[in-house]
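Comments concern the structure below.
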There are 2 protein chains.
Amino acid sequence: MGRVVVEVMPKPEILDPQGKAVVGALPRLGFTQFSGVRQGKRFELEVDGEVTPEILAAAREAATTLLSNPVIEDVVSVTDASAEVAAVNA
Amino acid sequence: MGRVVVEVMPKPEILDPQGKAVVGALPRLGFTQFSGVRQGKRFELEVDGEVTPEILAAAREAATTLLSNPVIEDVVSVTDASAEVAAVNA
């Protein structure tokens, strides 16, 4: 079974209230090492067969049309993660 | 400037309504290649200096205590992504 991983992050110029909440909470829990946090999304798309270049292209199109809002978000990466699945099942 | 990327996904046995919504919407948009979708979170933690092993350890602890709910979510990875930042700024 194949898997495609799509990563989506808010654009740098867009306010990210979830990230702001995390960056405010970190020092209260003793984590003072981090100066900023942005929160985005990670999708795992399961494919029944192998991840072919066509499927990767379809995933790339789905990433920009359905999985992200191009006005406020960037698609960071669309990658074939089938190797990870195989490693877990081995 | 350094960056640590933390990836969090819902545990396999936990119902993922966001993923279910996406998997229902994909065929309506013509994407019939995907049999399942899970939606998780991706955090970018900014660090002022370099990402040292200590900072990576702190990020790992923050990932399990603040960035994820260990009852329903798994921390998939905590990685030093400083090279990506450098590549973008180069």
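In the text below, chain A, chain B and the rest are named by the order of the sequence lines, each starting its count at 1. No experiment lies behind these values; they were computed from the predicted model shown.
Residues M9(A) and F43(B) are members of separate hydrophobic clusters, defined by side-chain heavy-atom contacts under 4.5 angstrom among Ile, Leu, Val, Met, Phe, Trp and Tyr. Both V23(A) and V6(B) are assigned to one and the same hydrophobic cluster, defined by single-linkage of ILVMFWY side chains at heavy-atom distances under 4.5 Å. Under a hydrophobic-cluster definition in which Ile, Leu, Val, Met, Phe, Trp and Tyr are linked whenever side-chain heavy atoms come within less than 4.5 Å, directly or via other members, I55(B) and V5(B) are assigned to different clusters. Residues V51(B) and L26(A) share a hydrophobic cluster, clusters being chains of Ile/Leu/Val/Met/Phe/Trp/Tyr side chains in contact below 4.5 Å.
Only the side chain of F31(A) has a heavy atom closer than 4.5 Å to any heavy atom of chain B. In this structure, the portion of L29(B) lying under 4.5 Å from any heavy atom of chain A is its side chain and not its backbone.
By number of non-hydrogen pairs under 4.5 angstrom with chain A, the leading residue of V4(B), V8(B), V37(B) is V37(B). Among the candidates L67(A), V76(A), L45(A), the residue making the largest number of heavy-atom pairs closer than 4.5 Å to chain B is L45(A).
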No hydrogens needed, just list the donor-acceptor pairs between chain A and chain B under 3.5 Å.
unit_1: E7(A); atom_1: OE1; unit_2: R42(B); atom_2: NE; d: 3.2
unit_1: E7(A); atom_1: OE2; unit_2: R42(B); atom_2: NE; d: 3.4
unit_1: S35(A); atom_1: N; unit_2: E46(B); atom_2: O; d: 2.9
unit_1: S35(A); atom_1: OG; unit_2: E46(B); atom_2: O; d: 3.4
unit_1: S35(A); atom_1: OG; unit_2: D48(B); atom_2: OD1; d: 3.3
unit_1: G36(A); atom_1: O; unit_2: E46(B); atom_2: N; d: 2.7
unit_1: R38(A); atom_1: N; unit_2: E44(B); atom_2: O; d: 3.0
unit_1: R38(A); atom_1: O; unit_2: E44(B); atom_2: N; d: 2.9
unit_1: G40(A); atom_1: N; unit_2: R42(B); atom_2: O; d: 2.6
unit_1: G40(A); atom_1: O; unit_2: R42(B); atom_2: N; d: 3.1
unit_1: R42(A); atom_1: N; unit_2: G40(B); atom_2: O; d: 3.1
unit_1: R42(A); atom_1: O; unit_2: G40(B); atom_2: N; d: 2.6
unit_1: R42(A); atom_1: NE; unit_2: E7(B); atom_2: OE1; d: 3.3
unit_1: R42(A); atom_1: NE; unit_2: E7(B); atom_2: OE2; d: 3.4
unit_1: E44(A); atom_1: N; unit_2: R38(B); atom_2: O; d: 2.9
unit_1: E44(A); atom_1: O; unit_2: R38(B); atom_2: N; d: 3.0
unit_1: E46(A); atom_1: N; unit_2: G36(B); atom_2: O; d: 2.7
unit_1: E46(A); atom_1: O; unit_2: S35(B); atom_2: N; d: 2.9
unit_1: E46(A); atom_1: O; unit_2: S35(B); atom_2: OG; d: 3.4
unit_1: D48(A); atom_1: OD1; unit_2: S35(B); atom_2: OG; d: 3.4

